[in-house]
Amino acid sequence: MNYERFLNEVSLARQPSPIRVLTAILAKSGPSMISLAGGLPNPDLFPFREAEFKLRDGTVLQFNEDKMKVALQYGSTTGLSDLVSFLVKLQRYLHNPPTFHWKRENGGIDICVTSGSQDGLVKSFEMLISPGDNVLVESPTYASALSGLRPLGCKLLGVESDENGMIPSSLQAVLTQCEAAKETLPKFMYVIPNGVNPTGASLTLERRREIYKIARKYDLLILEDDPYYFLQFVEPRVPSFLSMDEDGRVLRFDSFSKVLSSGLRLGFVTGPAPLVDRLVMHIMVCSMHPAVISQMMVSEILKKWDIEGFEAHVKCVTEFYRNQKDLMISAAQKWLKDFAEWNEPQGGMFLWLKLKGINDSKQLIEEKAQKKEILLVPGCNFMPDPTKPCSFVRASFSIASKEQMDTAFQRLAELLKEELSLQNNPLIA
């Protein structure tokens, strides 16, 4: 593939930071290497000497003085070598992409660690988009992705979705319309394959294959944003776009936030080396690298668990969120069955409610619901065009207790009853 055609002028102009390159060389060198190159602070002056992290199973990760000196020092832009090595093994185990053994220059797989998957995602937008570009997004989609896209001067082309995610026929229709209008075709599509934030929908395997086929037809990159990959409520897990990528057109974003810790701010990007290299050049002159201490914490626990232990932990996490989802649906059935419609989430942390008789939920949720002490998110925030009326609302089941869900939906039901009464709506007759 000609990867240069996807990159904007800013990305094409990037060159590796010479200091960052030397830092990477030093990280791989033996103890006999003498460095007078980088301006590394002397770790003997750091006030933090040792640390230990007690895990929930009672075991302890011990960071002695030598390990702390590494954890608190500048690191490699692509990530801590031990962590990257584990991630390569993990991605091969989970996805085994067909391009795994390709040469780097031909689009072979590479991985870099990022300061949360959001960091890698937004930097990828900034790498690919030029003002005036058309960009394919499902409708609705992740609000922060839309916030990252809008300032870049692109036109967002919404692709319809349902309880099974992005609809391939709608994707084809949008592209056909672009061709008919002689508009510039998009270079990529942004898609959340599992537990879409906000809908909880997951793409079926058949749809993934259809979407990939369309991507090949139009030579599109697929930006596969998959923070809820491990929070799929169906078994076995549905294969990823990365696992079926025979061309090297998938750039995949994974996150540790949902399964290890959101505060560690660690994610990782997997995809064709020519694209990952450009992303790394951006990081070199921006954040330089993700926090090394966060990387060491994750690396040490993954080293202790290995893949089998990590999968066991993920299974417990998924079971928790599956139970939370069931509790929220029970509360919705109890209080909202006359006032809202919904589909059961297939993964993730959210329930997507369509409010009956409400044309636009924005004022209702942002003003009136807050007065009743309920915090929800109006559906318009997840739409490519947020100015259009939207009757949907997003509710999160991640941290609320059963009692809180019950009380919140009771309050919402009372609010909806009051609102519909003002409209003389027959729903409350």
Side-chain angles (χ1 to χ4, degrees), residues 140-143 161-165 192 194-202 227-228 230-235 257-259 262 314-383 390-423 425-429:
T141 193
Y142 178 40
S161 63
D162 59 18
E163 67 272 18
N164 293 313
I192 305 171
N194 298 299
V196 174
N197 177 359
T199 66
S202 293
Y228 304 103
F230 294 108
L231 303 189
Q232 297 182 54
F233 302 143
V234 294
E235 294 181 356
S257 293
K258 311 304 185 287
V259 293
S262 53
V314 163
K315 184 176 181 181
C316 293
V317 173
T318 305
E319 283 302 313
F320 172 83
Y321 288 115
R322 180 186 284 112
N323 183 61
Q324 289 289 100
K325 175 260 299 180
D326 291 341
L327 291 174
M328 178 160 278
I329 287 178
S330 294
Q333 289 171 338
K334 178 179 179 181
W335 296 107
L336 299 175
K337 64 179 185 296
D338 294 330
F339 303 106
E341 299 171 350
W342 61 87
N343 292 306
E344 183 168 345
Q346 299 301 301
M349 299 178 169
F350 307 105
L351 183 64
W352 186 238
L353 299 163
K354 183 178 182 180
L355 306 183
K356 297 179 181 179
I358 303 296
N359 182 51
D360 189 10
S361 67
K362 184 175 173 61
Q363 183 182 18
L364 180 77
I365 296 303
E366 289 183 345
E367 298 177 16
K368 297 181 180 180
Q370 289 187 28
K371 289 179 181 178
K372 284 190 175 288
E373 297 189 288
I374 328 165
L375 284 179
L376 297 154
V377 187
C380 62
N381 291 316
F382 305 95
M383 298 299 180
C390 179
S391 59
F392 286 89
V393 62
R394 190 196 77 176
S396 171
F397 49 77
S398 59
I399 61 172
S401 67
K402 178 181 178 181
E403 293 73 23
Q404 288 173 324
M405 293 180 198
D406 192 75
T407 301
F409 280 175
Q410 182 181 12
R411 292 174 183 174
L412 180 58
E414 291 169 356
L415 174 61
L416 290 168
K417 189 172 183 179
E418 292 170 9
E419 190 70 13
L420 295 171
S421 174
L422 293 173
Q423 302 174 12
N425 194 296
L427 284 173
I428 55 123

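Here the structure is a predicted model, which is why all the values come from computation and not from measurement.
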Problem - Audit row: Asn197, Phe382, side chain to side chain contact (heavy atoms under 4.5 Å, CB included) steps and yes/no - result: CA-CA 8 Å; Asn197 177 359; Phe382 305 95; 3.8 Å; yes
Quick one: [atom1] on [X] to [atom2] on [Y], what's the gap to the nearest 0.5 Å?
X: Glu419; Y: Lys368; atom1: CD; atom2: NZ; result: 3.5 Å
X: Glu341; Y: Leu336; atom1: CD; atom2: CG; result: 12.0 Å
X: Met328; Y: Tyr321; atom1: CE; atom2: OH; result: 12.5 Å

Are the side chains of [Y] and [X] in contact, using a 4.5 Å heavy-atom criterion?
X: Leu364; Y: Val393; value: no
X: Cys390; Y: Asn381; value: no
X: Gln370; Y: Leu375; value: yes
X: Val196; Y: Trp352; value: no
X: Met349; Y: Lys258; value: yes
X: Ser361; Y: Phe392; value: no
X: Leu416; Y: Asp338; value: no
X: Asp406; Y: Trp335; value: yes

Between [X] and [Y], which heavy-atom pair has the shortest distance, and what is it?
X: Gln324; Y: Ala400; value: NE2-O, 2.9 Å
X: Tyr228; Y: Phe350; value: OH-CE1, 3.3 Å
X: Leu412; Y: Leu353; value: CD2-CD1, 4.5 Å
X: Leu376; Y: Ala395; value: CD2-CB, 3.7 Å
X: Ile358; Y: Ser391; value: O-CB, 2.9 Å
X: Arg322; Y: Val234; value: NH2-N, 4.4 Å

Exercise for the section: Applying side chain to side chain contact (heavy atoms under 4.5 Å, CB included), run through Val317 and Leu231 and close with a yes or a no. Expected result: CA-CA 8 Å; Val317 173; Leu231 303 189; 3.7 Å; yes
Ignoring hydrogens and geometry, is there a side-chain-to-backbone donor-acceptor pair from [X] to [Y] under 3.5 Å?
X: Gln410; Y: Ala331; value: no
X: Thr199; Y: Gly165; value: no
X: Gln346; Y: Glu344; value: yes
X: Thr318; Y: Val314; value: yes

Exercise for the section: Using the ring of Phe409 (Phe, Tyr or Trp, six-membered ring only), decide whether Lys334 places NZ or CZ under 6.0 Å from its centre and within 45 degrees of its axis. Expected result: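 That pair does not qualify as a cation-pi contact.
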Exercise for the section: Might you confirm whether atom NZ of Lys402 has over 12 heavy atoms from other residues, nucleotides or ligands at distances under 6.0 Å? Expected result: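 No, because the 6.0 Å sphere around NZ of Lys402 holds 12 heavy atoms or fewer from other groups.
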Practice task
With sequence neighbours excluded, tell me which residues meet salt bridge (charged side-chain N to carboxylate O under 4.0 Å, His left out) with Glu366.
Solution key: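 Glu366: salt bridge (charged side-chain N to carboxylate O under 4.0 Å, His left out) contacts with Lys362.
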Practice task
Give the C-alpha distance, both sets of side-chain angles, the deciding distance and a yes or no for side chain to side chain contact (heavy atoms under 4.5 Å, CB included) between Phe397 and Met405.
Solution key: CA-CA 8 Å; Phe397 49 77; Met405 293 180 198; 3.9 Å; yes
